[in-house]
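Below is one structure, written out as structure tokens; comments come after it.
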Amino acid sequence: CKTCKGAGGKDGKKTMDCGQCRGQGIEIIVKQIGPGMMQQMQAKCRACQGQGQTIAKEDQCGTCSAQKTVSTQEVLEVHIQKGSAHGDKIVMRGMANEAP
């Protein structure tokens, strides 16, 4: 997001560790599956979506809503060299779809 520069919050607002997972991004879930038998599972934290950090609602960026990225579509002009084989990969620097 260009507005918050990938921070997810308004200028000068800091993120806090998630209170539910204590900044780990995962929750430990313990279930009883039978008499004397317990099952322990790890799952992505539902409160912070596995980020480990939260931003107060009033401090979130108005453009990306604390997601830190914004989906955009762009038309790119690609020059394919003569003799390129079918299935060759063309690297587009700075055009990744990864989250910060």
Side-chain angles (χ1 to χ4, degrees):
C1 176
K2 292 180 181 178
T3 306
C4 65
K5 297 180 180 83
K10 294 179 182 171
D11 290 332
K13 302 296 180 180
K14 296 198 176 199
T15 59
M16 301 174 289
D17 282 345
C18 177
Q20 193 161 343
C21 66
R22 296 184 188 96
Q24 297 295 315
I26 58 168
E27 297 177 287
I28 306 295
I29 301 166
V30 179
K31 283 185 175 179
Q32 183 174 0
I33 56 174
M37 292 188 292
M38 303 295 274
Q39 179 182 25
Q40 185 174 343
M41 300 180 295
Q42 289 185 354
K44 183 169 63 168
C45 178
R46 290 172 278 170
C48 65
Q49 286 78 40
Q51 296 293 318
Q53 299 177 341
T54 57
I55 300 171
K57 203 70 156 166
E58 60 272 1
D59 295 336
Q60 291 181 357
C61 174
T63 305
C64 67
S65 300
Q67 296 298 312
K68 301 179 183 178
T69 59
V70 177
S71 294
T72 58
Q73 290 185 349
E74 295 181 28
V75 177
L76 301 175
E77 188 173 320
V78 180
H79 298 284
I80 301 173
Q81 297 177 4
K82 291 181 182 179
S84 294
H86 182 71
D88 278 355
K89 294 184 180 181
I90 300 172
V91 178
M92 307 298 268
R93 302 235 184 259
M95 296 290 165
N97 61 350
E98 298 180 13

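All values below were derived from every heavy atom in this structure, side-chain atoms included, with hydrogens, water molecules and symmetry-related copies excluded.
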Distance from [X] atom [atom1] to [Y] atom [atom2], nearest 0.5 Å?
X   : Y   : atom1 : atom2 : answer
Q20 : R46 : CD    : CZ    : 6.0 Å
C18 : M16 : SG    : CE    : 9.5 Å
K31 : M38 : NZ    : CE    : 11.5 Å
Q24 : Q51 : CD    : CD    : 13.5 Å

- Message: Using the rule given for side-chain contact (heavy atoms from CB on, under 4.5 Å), can you reason through V70 versus K2, listing the C-alpha separation, both sets of side-chain angles and the distance that settles it, and then say yes or no?
- Response: CA-CA 9 Å; V70 177; K2 292 180 181 178; over 6 Å; no

- Item | Beyond-backbone contact of V91 with R93, side-chain heavy atoms, under 4.5 angstrom |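 V91 reaches R93 side chain to side chain.
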
- Close side-chain approach of I26 to K44, heavy-atom, < 4.5 Å: no

- Query: Would M41 end up clustered with M37 when hydrophobic side chains under 4.5 Å apart are linked, directly or stepwise?
  - Reply: no

Going by atom type alone, with no hydrogens or angles, which donor-acceptor pairs under 3.5 Å involve a side-chain atom of residues 52-65 and a protein atom two or more places apart or on another chain?
| unit_1 | atom_1 | unit_2 | atom_2 | d |
| --- | --- | --- | --- | --- |
| Q53 | OE1 | T15 | OG1 | 3.2 |
| Q60 | NE2 | I55 | O | 3.3 |
| T63 | OG1 | T3 | OG1 | 2.9 |

- Message: Tell me whether the count of non-hydrogen atoms from other residues, nucleotides or ligands lying under 6.0 Å of CD in Q39 goes above 12.
- Response: yes

- Considering residues at least two apart in sequence or located in another chain, which fulfil the side chain to side chain contact (heavy atoms under 4.5 Å, CB included) criterion with A43?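 A43 satisfies side chain to side chain contact (heavy atoms under 4.5 Å, CB included) with I29 once adjacent residues are dropped.
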
- Item | Partners meeting side chain to side chain donor-acceptor pair (under 3.5 Å) with Q49 (sequence neighbours left out) | none

- Message: Could you report the tightest heavy-atom contact between G25 and C48, atom names first, then the distance?
- Response: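 Heavy atoms of G25 and C48 come nearest at CA-SG, 4.3 Å.
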
